[in-house]
Amino acid sequence: MARFIFRKTQRLVDNSHFRRVLEDRSCAGNDLFRLYVSGNDCGHPRFGVSIGKKAGNAVRRNRLKRLAREVFRLEQHNIAPDYDYLLIFSLKKSKNNITSNRSDGPNFEILKSSFVRMSQKAVEKWRRNTHLRQTENL
RNA sequence: UGAGUGGGUCAGGUGGUCGCCGGCUUUAAUGUGCCGGAGGAAAGUCCGAGCAGGACAGGGCACGGUGGCAGUUAACGGCUGCCCCGGGUGACCGGCGGGAAAGUGCCGCAGAAAAUAUACGGCCGAUGGUUCCUUCGGGGACACAGGUAAAGGUGAAAUGGUGCGGUAAGAGCGCACCGCGAUGGUGGUAACAUCAUCGGCAUGGUAAACCCCACCGCCUGCAAGACCAAGCAGCUGUCAGCCCGGCCCGGGCAAUGACAGCGGGUAGGUUGCUUCCCUUUAUGGGAGAGCUGGCUGGCGACAGUCGGUCCAGUUAAAUGGCCACCACCUUGCGGAAGUGAGGUACAGAACUCGGCUUAUCGACCCACUCAGUUU
RNA sequence: UGGGGUAUAGUGUAACGGCAGCACGACAGACUCUGAAUCUGUUUGUCUAGGUUCGAAUCCUAGUACCCCAG
């Protein structure tokens, strides 16, 4: 039975971590968010969230972050390991979505289902990017 | 019963399960067990403090703030009670509410005039003067001397108001009432109220215009400050001093240093930091504008005293997800029982307190006012 | 987190407490075969709510939005 823990070692903690993930430029997104992906050598996936000020007030942003972390916690064994995941809630689209249904209940389900799909997409993209980069270097 | 006024409390609840942060215990360690884990506004950062640093934190000026009186407090621009003014039938509400005879400024348009009591305009011409008539008593005209401040369409505001008398015309010129001022008495700690006498009224408004008066205020802020680790490269200019970051006084520091500019390096950790100290490890003692309950004093804010208690501590930043039941609200179906769907505000600690202000679905409680009905 | 500032027409900006302007734009008309340019005219505004004042864009109080600075 797999465990569903989420500790500090599984988080992106430093500004340099965030920089590195963003500089790889491998992302996939939908109406709600964009997911950036980058490889690591920790032996487990790591996760970070970024929510802009336009997503709402502090309570709303906090709630989005907690939902995202919960999704990662439950789905961490269904996604590719050895990668860093950075979830960025995009401004206009997510704003509309949130203001239209304020319940956040179905929002959680949507997040959960789309997170895995996007992670797969982004990882594929990352592999392609790194392959291209290697060939360019050669 | 209806309408309303003021104040207060709460901020859905319970259980299960998967997680997160901190403390203690135990372990080599992951972990296990127990306990604790957002708010009334945590917000805005509008005030006041603690705490830290800036010479040893001191004086004056400048600058800024406050502004009825008394009290309360660690302190305040907060709060409490009272006074005055304005509003409401009333409970009650609102008020940056000192000084305009210290000085300066401003008062557009309109209006004769906007701060100087006088010109303009007006009225009269009793008393003088000139002149005409005359029955010689006097009567008329002129507007010359002069007397007046009532009327003058305005305006936010016009030199006390209204009424009666008075007069040549008038006028606080006289009187009555109202307003204003002075003096004195009474009540009150005081703001002030009230009564009596006198003055006939003498100088409009604006100080959220400058200003004056009284009182208060050094400056900067936990990203303050302290310590550890890592790392680099110094150079130039100015001053003989530099610091107290507006100026002066007074004070302190240094004798190769201070300041300024350019360039380089690091952008990690611990602490401050969660009631605080002391001894010692026992559930010890002391101190705490801390929280809470009782009693006493006070109209009240609050104070005193006795007992209980110690209540989040993160740092890309913990307090969440799911399930079940119940409570309340809206709504669909239904005769009803019931059942389906949706919802349960504002909002998230970042050094800590005391206020203020702003946001807020609702629910409940207390006191009071007005109107109507019944007894 | 702390400190400071701004808000005026669609945009950029003026205005001692006394009628809220200017430029660009937009719209309409003229000129032209048509358009551009030019000329003429019109349009729209003091961030919000209270207060002081006879009278507030301006003064005071409270809020809202945005911007800048320090580290």
Peer 1: Could you check which nucleotide pairs with B/rA207 in any of the strands shown, counting Watson-Crick or G-U wobble with both distances under 3.5 Å?
Peer 2: none
Peer 1: According to the Watson-Crick and G-U wobble definitions, with both distances under 3.5 Å, which nucleotide is paired to B/rU26?
Peer 2: B/rG31
Peer 1: Where does C/rC24 fall, syn or anti, if syn means a chi angle no more than 90° from 0?
Peer 2: anti
Peer 1: Whole angstroms only, please: what is the CD-P distance between A/E70 and B/rC21?
Peer 2: 13 Å
Peer 1: Without decimals, in angstroms, what is the distance between A/I51 CD1 and B/rG348 P?
Peer 2: 14 Å
Peer 1: Does B/rG137 fall in syn (glycosidic angle within 90° of 0) or anti?
Peer 2: syn
Peer 1: Side-chain N or O of A/R66 less than 4.0 angstrom from OP1 or OP2 on B/rU319?
Peer 2: yes
Peer 1: With the 90 degree cut-off around zero defining syn, does B/rU274 come out syn or anti?
Peer 2: syn
Peer 1: Rounding to an integer number of angstrom, what distance separates B/rA303 and B/rC356 when you compare their P atoms?
Peer 2: 16 Å
Peer 1: Between B/rA43 atom P and A/R60 atom CZ, what is the distance in whole Å?
Peer 2: 19 Å
Peer 1: Both distances below 3.5 Å, Watson-Crick or wobble geometry, any strand: find the nucleotide opposite B/rG108.
Peer 2: none
Peer 1: If you round to the nearest 0.5 Å, how far is CG of A/D82 from OG of A/S38?
Peer 2: 11.5 Å
Peer 1: A/R63 CZ to B/rA38 P: how many Å, rounded?
Peer 2: 17 Å
Peer 1: Using the C1' atoms only, state how far C/rA37 lies from C/rG21, rounded to an integer number of Å.
Peer 2: 27 Å
Peer 1: To the nearest angstrom, how far is A/R61 atom CZ from B/rA317 atom P?
Peer 2: 14 Å
Peer 1: For A/R46 and B/rA316, give me the distance from atom CZ to atom P, rounded to whole Å.
Peer 2: 14 Å
Peer 1: What I want to check is whether an N or O donor and acceptor connect the side chain of A/R73 with the base of B/rC18 at under 3.5 Å.
Peer 2: yes
Peer 1: Taking all atoms of both residues into account, what is the closest heavy-atom pair of A/A80 and A/P45, and its distance?
Peer 2: O-CB, 4.4 Å
Peer 1: Applying the Watson-Crick and G-U wobble criteria at under 3.5 Å, what pairs with B/rG50? Answer none if nothing qualifies.
Peer 2: B/rC351
Peer 1: As a test of the definition: with a 90° window around 0 for syn, would you call B/rG40 syn or anti?
Peer 2: syn
Peer 1: Rounded to the nearest 0.5 Å, what separation is found between the SG atom of A/C27 and the CE atom of A/M118?
Peer 2: 10.5 Å
Peer 1: Mind checking the C1' distance from B/rC242 to B/rG290? Whole angstroms is fine.
Peer 2: 46 Å
Peer 1: Go nucleotide by nucleotide along RNA chain B from the 5' end; which of A/N62 and A/R69 gets its closest nucleotide reached first?
Peer 2: A/R69
Peer 1: On the nucleotide B/rA318, are OP1 or OP2 found under 4.0 Å from the side-chain N or O atoms that A/K65 carries?
Peer 2: yes
Peer 1: Determine which nucleotide pairs with B/rC120, using a 3.5 Å limit on both distances of a Watson-Crick or G-U wobble pair.
Peer 2: B/rG152
Peer 1: Any chance you could measure A/T130, atom OG1, to A/K125, atom NZ, to the nearest 0.5 Å?
Peer 2: 13.0 Å
Peer 1: Let's go through A/R73 and A/E70 carefully: what are the C-alpha distance in whole Å and the side-chain angles of both, what is the deciding distance for side chain to side chain contact (heavy atoms under 4.5 Å, CB included) to 0.1 Å, and is it a yes or a no?
Peer 2: CA-CA 5 Å; A/R73 187 174 72 81; A/E70 192 67 16; 2.4 Å; yes
Peer 1: Using the P atom on both, measure B/rU5 against B/rC177 and round to a whole Å.
Peer 2: 45 Å
Peer 1: Under a 4.0 Å threshold between the charged nitrogen and the carboxylate oxygen, would A/R127 count as salt-bridged to A/E124?
Peer 2: no
Peer 1: Could you please name the partner base of B/rA176, counting Watson-Crick and G-U wobble pairs only when both distances are under 3.5 Å?
Peer 2: B/rU162
Peer 1: The side chain of A/V59 lies closest to which of these nucleotides: B/rG348, B/rG19, B/rG321?
Peer 2: B/rG348
Peer 1: For the CG atom of A/L74 and the CD atom of A/Q76, what is their distance to the nearest 0.5 Å?
Peer 2: 8.5 Å
Peer 1: Write down the distance between CG (A/L64) and P (B/rG348), rounded to a whole number of angstrom.
Peer 2: 14 Å
Peer 1: Taking atom CD1 of A/I79 and atom CZ of A/F47, what is their separation to the nearest 0.5 Å?
Peer 2: 8.5 Å
Peer 1: Among A/Y85, A/Y83, A/Y36, which residue satisfies the ring-ring contact (aromatic ring centres under 6.0 Å, His included) criterion with A/W126?
Peer 2: A/Y83
Peer 1: If I pick the P atom on B/rC164 and the same atom on B/rU135, what distance separates them, to the nearest angstrom?
Peer 2: 46 Å
Peer 1: Which is it for B/rA145, anti or syn, if anything within 90° of zero counts as syn?
Peer 2: anti
Peer 1: Counting only Watson-Crick pairs (N1-N3 plus N6-O4 or O6-N4) and G-U wobbles (N1-O2, O6-N3), all under 3.5 Å, who is the partner of B/rC333?
Peer 2: B/rG338
Peer 1: Given the rule that a pair is Watson-Crick or G-U wobble with both distances under 3.5 Å, how would you write RNA chain C in dot-bracket, using | for pairs to a different strand?
Peer 2: (((((((..((((....[..)))).(((((.......)))))....(((((..]....)))))))))))).
Peer 1: Tell me the partner of B/rG4, counting only Watson-Crick (N1-N3 plus N6-O4 or O6-N4) or G-U wobble (N1-O2 and O6-N3) with both under 3.5 Å; none if nothing fits.
Peer 2: B/rC368
Peer 1: Considering only atom C1', compute the distance from B/rG245 to B/rU220 and round it to an integer number of Å.
Peer 2: 10 Å
